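One structure below.
Computed from a predicted model, the values in this text were never measured in an experiment.
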Amino acid sequence: MLIKSNIPNMIKLLNPDDGDRLKDYIEKAFERYKYFIGYPVAQDFDYSELYPLFKLPLNNVGDPFIESTYDLNSRSIEFEVLHFFAKLFKAPENNWWGYITNGGSEGNLYGLYVARELYPAGIVYYSEATHYSIQKNIHLLNLRSIIIRSDENGEIDYNDLRQIMQMHREQPVIMLANIGTTMTEAKDDISKIKAIFRELAIKNHYIHCDAALAGTYSALLNLQPGFDFQYGADSIAISGHKFIGSPIPCGLVLVKKNYKDRIGEVIPYIGTLDTTISGSRNDHSPVFMWYAIKKWGLKGMRLRALDCLELAVFTVDKFKTAGINAWRNPSAITVVFPEPSLVLRQKWQIATENGFSHIICMPGVSKALISQFIEELKEENT
Ligand SMILES: *Cc1c(COP(=O)(O)O)cnc(C)c1O
């Protein structure tokens with residue numbers, strides 16, 4: 001692999017033992033990177049032009065919209081990234097706010113936090129296919145919640161949702177909608193959910209979209225069902241290290257500004273507002289995201305997304321030809337198949353739940369690699 005040339009021959013500034021320890025780690029990471037098709041992260045990025053930034057103690061502490069006395073920051077770049085996503089997710093003009101998080105989980109926590117400040121007595125509804133971060137976040141926020149059934153593809157069961165909500169009509173609704181579940185990339189349809197609100201005359205409601213996995217490419221390609229602010233989202237969280245790609249986990253959360261204005265105190269020490277979950281925040285990840293957006297442009301990112309979809313079609317075909325029963329949800333880049341042996345799962349870093357595994361056709365995953373995996377699977381099955 002091309003990237004192999006990046007491995008240093010020698011670590012010069014450590015003693016030889018420590019140098020070897022570090023070199024071993026770097027080599028192992030590159031080795032394991034060769035067989036990496038089971039987690040939803042892009043692999044086609046190259047941020048080497050940003051290396052000089054690793055020499056500075058950069059920090060985006062506090063609110064990205066308000067300058068801080070800590071001036072070694074990438075706030076203005078962070079703002080451009082936020083602006084790009086506000087447009088992509090059709091956030092209401094002049095009424096949005098957000099920041100670059102450490103990942104989708106933090107964005108989910110923030111969305112639920114804002115919802116709780118609005119509706120302290122609200123009940124969170126989420127499907128059983130929901131990411132584990134939600135349960136933890138609900139626990140942290142001490143919110144009430146009810147788990148709703150999901151169908152076998154992973155989408156929320158709207159009948160179950162309607163019945164359960166009907167029993168709690170007097171309570172505000174905090175709806176957690178999945179825009180791509182972790183295992184099968186199923187999408188909950190917020191238009192259908194809003195229809196239930198209308199049917200039950202629920203006036204106090206909040207919809208947070210966990211779009212960590214599929215939000216970016218779904219919006220880029222206008223995939224259905226839509227989930228953006230115009231469709232009725234009140235907040236949206238995505239992961240940055242998934243479709244966009246980053247060597248450091250990151251994400252982004254957007255909320256309607258009038259909701260968020262209930263949060264955050266002026267902190268004289270940092271000379272800005274404390275509106276974010278973490279205090280000190282990563283300066284580099286906004287620059288990674290910005291660089292990716294600029295390098296590919298809207299058109300380039302759409303093409304990348306289309307490549308992923310094409311790879312997913314290829315993958316399902318390839319499985320079927322091999323006699324393996326694989327499937328994917330409509331417009332999903334996650335391909336689900338019966339769990340392979342532990343040996344293959346470990347080699348290829350394949351996640352498994354309830355007897356099913358998946359491959360995620362993220363940018364940078366090659367047809368050759370998928371073909372090799374399916375060959376190995378075929379051999380195992382015969
Ligand atoms: C990845 C993911 C998350 C969590 O995002 P992190 O960036 O890992 O914190 C949440 N929900 C879904 C559906 C995800 O795929």
Inset, instruction - Could you verify whether a donor N or O on one side chain and an acceptor N or O on the other, from Glu106 and Thr101, lie under 3.5 Å apart? - result: no

Inset, instruction - Treating Ile, Leu, Val, Met, Phe, Trp and Tyr as nodes and any side-chain heavy-atom pair under 4.5 angstrom as an edge, say whether Leu369 and Ile324 lie in one connected cluster. - result: yes

Inset, instruction - Determine whether the side chains of Asp63 and Trp97 contain a donor N or O and an acceptor N or O closer than 3.5 Å. - result: yes

Inset, instruction - Ignoring hydrogens and angles, tell me if any N or O in the side chain of Arg169 forms a donor-acceptor pair with the backbone of Ile202 under 3.5 Å. - result: no

Inset, instruction - Would you check if the side chain of Ser341 reaches a backbone N or O of Leu344 as a donor-acceptor pair within less than 3.5 Å? - result: yes

Inset, instruction - Classify the ring geometry between Phe79 and His83 as parallel (under 30°), tilted (30 to 60°) or perpendicular (over 60°). - result: tilted

Legend entry - Tyr25, OH: over 12 other non-hydrogen atoms inside 6.0 angstrom: no

Inset, instruction - Please confirm whether the backbone N or O of Leu141 pairs with a side-chain atom of Arg116, one donor and one acceptor, at under 3.5 Å? - result: yes

Inset, instruction - Decide whether His131 and Thr182 meet the rule of one side-chain donor and one side-chain acceptor closer than 3.5 Å. - result: no

Legend entry - Reported CD1-to-SG distance for the pair Ile190 and Cys209, which is rounded to 0.5 angstrom: 4.5 Å

Inset, instruction - Indicate yes or no for a side-chain donor-acceptor contact from Arg162 to the backbone of Ile196 under 3.5 Å, with no hydrogens or angles considered. - result: no

Legend entry - Donor-acceptor contact present, side-chain Tyr110 to main-chain Gly98, <3.5 Å: no

Inset, instruction - Please say whether more than 12 non-hydrogen atoms of neighbouring residues, nucleotides or ligands are located less than 6.0 Å from CD in Glu170. - result: yes

Legend entry - Salt bridge flag under 4.0 Å for residues Glu31 and Lys28: no

Inset, instruction - Using modelled atom types only, decide if a donor and an acceptor are shared between the side chain of His241 and the backbone of Ile248 within a distance under 3.5 Å. - result: no

Legend entry - Distance-only side-chain donor-acceptor flag, Asn178 / Thr130, under 3.5 Å: yes

Legend entry - Within 6.0 angstrom of Lys347 NZ, more than 12 heavy atoms from elsewhere: yes

Inset, instruction - Could you check Lys194, Lys256, Lys257 and say which one makes a salt bridge (Lys or Arg N to Asp or Glu O under 4.0 Å) with Asp234? - result: Lys256

Inset, instruction - Specify whether Tyr33 and Phe30 have parallel, tilted or perpendicular ring planes, treating 30° as the upper limit for parallel and 60° as the lower limit for perpendicular. - result: perpendicular

Inset, instruction - Can you spot which of Ser74, Ser285, Ser278, Ser68 makes a side chain to side chain donor-acceptor pair (under 3.5 Å) with Asn60? - result: Ser74

Legend entry - Residues, nucleotides or ligands: over 12 heavy atoms within 6.0 Å of Lys87 NZ: no

Legend entry - Trp96-Phe65 aromatic ring centre distance below 6.0 Å: yes

Legend entry - Lys318 atom NZ, over 12 foreign heavy atoms within 6.0 Å: no

Inset, instruction - For Glu67, enumerate each residue passing the side-chain hydrogen bond (donor to acceptor under 3.5 Å, both in side chains) test, keeping only those at least two apart in sequence or located in another chain. - result: none

Legend entry - Heavy-atom donor-acceptor pair, Gln43 side chain to Ser366 backbone, under 3.5 Å: no

Legend entry - Plane angle bin for Tyr259 and Tyr206 - parallel if under 30°, tilted between 30 and 60°, otherwise perpendicular: tilted

Inset, instruction - May I ask you to check whether over 12 heavy atoms, not counting those of Arg21, lie within 6.0 Å of atom CZ? - result: no

Inset, instruction - Check the surroundings of atom CG in Leu13: do more than 12 heavy atoms from other residues, nucleotides or ligands lie under 6.0 Å from it? - result: no

Inset, instruction - Would you check if there is a donor-acceptor pair between the side chains of Asp157 and Ser127 at a distance under 3.5 Å? - result: no

Inset, instruction - Look at Arg345 together with Glu339 and state whether they make a salt bridge at an N to O cut-off of under 4.0 Å. - result: yes

